[in-house]
Amino acid sequence: MPIAQNPLSVEVTLPREEVALLKVEGYLDVDTATEFQHHLANQLHHGRRHFLLDLSEVPFMDSSGMNIILRVYQEARELPGSVHIISPAPAVRRVLDLTGVSITVPVSEGVDEALARVDAQPEGPRVPDA
């Protein structure tokens, strides 16, 4: 079995109980997208509602990576939760802009900015007191 030419590394930290920060390094493409999806699914399973995706060390992303980001975005919205892309590398930012993903999924310059956006979001529908 050949060794992947561009292995993916995903480091997960928890800046807050319901917030997962995923620092992704390497190519996010058809060969590595499933691994990325597993990391996101694991965090969803453990009750995380907000996902900060640091893509500063991702030199290349194809439609497989974008589809996973959009899928977790949809799942997070239903919780309610959110997805934020942090510091995408220039080539990745260009793909996000050209495809319109950056219009749907907020892009922040850093973790603090993304956390501020999480804080500014409404918590979703509230049940009025009876």
Side-chain angles (χ1 to χ4, degrees):
M1 185 159 90
I3 297 173
Q5 293 296 316
N6 297 298
L8 188 72
S9 167
V10 180
E11 178 184 322
V12 180
T13 56
L14 306 174
R16 299 186 187 157
E17 185 178 335
E18 293 185 334
V19 179
L21 169 61
L22 290 86
K23 182 163 180 51
V24 185
E25 293 183 30
Y27 282 45
L28 191 47
D29 58 19
V30 69
D31 294 327
T32 60
T34 302
E35 180 182 348
F36 182 51
Q37 183 176 6
H38 287 307
H39 284 282
L40 290 166
N42 185 44
Q43 293 307 311
L44 276 166
H45 175 76
H46 284 92
R48 312 293 178 246
R49 298 184 316 124
H50 302 283
F51 300 88
L52 312 181
L53 310 177
D54 182 339
L55 303 183
S56 60
E57 298 297 322
V58 176
F60 174 81
M61 180 174 67
D62 69 7
S63 61
S64 302
M66 284 188 304
N67 287 335
I68 289 169
I69 291 171
L70 290 172
R71 191 174 311 138
V72 76
Y73 173 80
Q74 289 295 336
E75 290 179 37
R77 282 188 56 181
E78 293 171 9
L79 292 174
S82 61
V83 174
H84 303 269
I85 296 171
I86 299 172
S87 302
V92 172
R93 177 64 191 242
R94 186 163 193 269
V95 169
L96 294 170
D97 289 345
L98 287 172
T99 58
V101 173
S102 60
I103 295 169
T104 304
V105 182
V107 177
S108 300
E109 290 307 312
V111 174
D112 290 340
E113 181 183 338
L115 286 171
R117 288 182 173 191
V118 168
D119 292 340
Q121 288 187 301
E123 286 297 314
R126 297 223 180 246
V127 178
D129 293 332

Tested for side-chain contact (heavy atoms from CB on, under 4.5 Å) against Val107, the lone hit among His84, Glu113, Arg93 is Arg93
State, without any angle test, whether His46 and Asn42 hold a side-chain donor-acceptor pair at a distance under 3.5 Å. yes
message: Using only atom types and a distance under 3.5 Å, with no angle test, would you say the side chain of Asp29 pairs donor to acceptor with the backbone of Phe60?
response: no
Closest heavy-atom pair, Ala76 versus Ser82, reported as atoms and distance to 0.1 Å, is CB-N, 3.8 Å
CD (Glu25) and CD (Glu11) are apart, to the nearest 0.5 Å, by 7.5 Å
field: Working for side chain to side chain contact (heavy atoms under 4.5 Å, CB included), residues His50 and Arg16
entry: CA-CA 9 Å; His50 302 283; Arg16 299 186 187 157; over 6 Å; no
Under the side chain to side chain contact (heavy atoms under 4.5 Å, CB included) rule, what do Phe36 and Val58 come out as? Steps first, then yes or no, please.
CA-CA 12 Å; Phe36 182 51; Val58 176; over 6 Å; no
Between the CD1 atom in Ile86 and the CG atom in Asp112, the distance rounded to the nearest 0.5 Å is 9.0 Å
For Ala89 and Ser56 the tightest heavy-atom approach is CB-O, 4.0 Å
Looking at Glu17, I want to see if its CD is surrounded by more than 12 non-hydrogen atoms of other residues, nucleotides or ligands under 6.0 Å. no
Separation between CE (Met61) and OG1 (Thr99), nearest 0.5 Å, reads 7.0 Å
Here the gap from Leu44 atom CG to Phe51 atom CZ, rounded to the nearest 0.5 Å, amounts to 3.5 Å
| task | Return yes if some donor-acceptor pair links the side-chain N/O of Ser87 with the main-chain N/O of Glu109 below 3.5 Å, else return no. | result | yes
Heavy-atom nearest pair, Leu79 first then Gly81, reads CB-N, 3.9 Å
Taking every heavy atom of Ala33 against every heavy atom of Ile68, the minimum-distance pair comes out as O-CD1, 2.9 Å
Per side-chain hydrogen bond (donor to acceptor under 3.5 Å, both in side chains), Gln43 is matched among Arg48, Arg49, Glu18 by Arg48
Steps toward side chain to side chain contact (heavy atoms under 4.5 Å, CB included) verdict (Val24, Leu53): CA-CA 7 Å; Val24 185; Leu53 310 177; 5.5 Å; no
Rounded to the nearest 0.5 Å, the CD1 atom of Ile85 sits from the CE atom of Met66 at a distance of 10.0 Å
In this structure, CG of Leu55 is separated from CG of Leu28 (nearest 0.5 Å) by 7.0 Å
With a 4.5 Å cut-off on side-chain heavy atoms, are Ser108 and Arg117 touching? yes
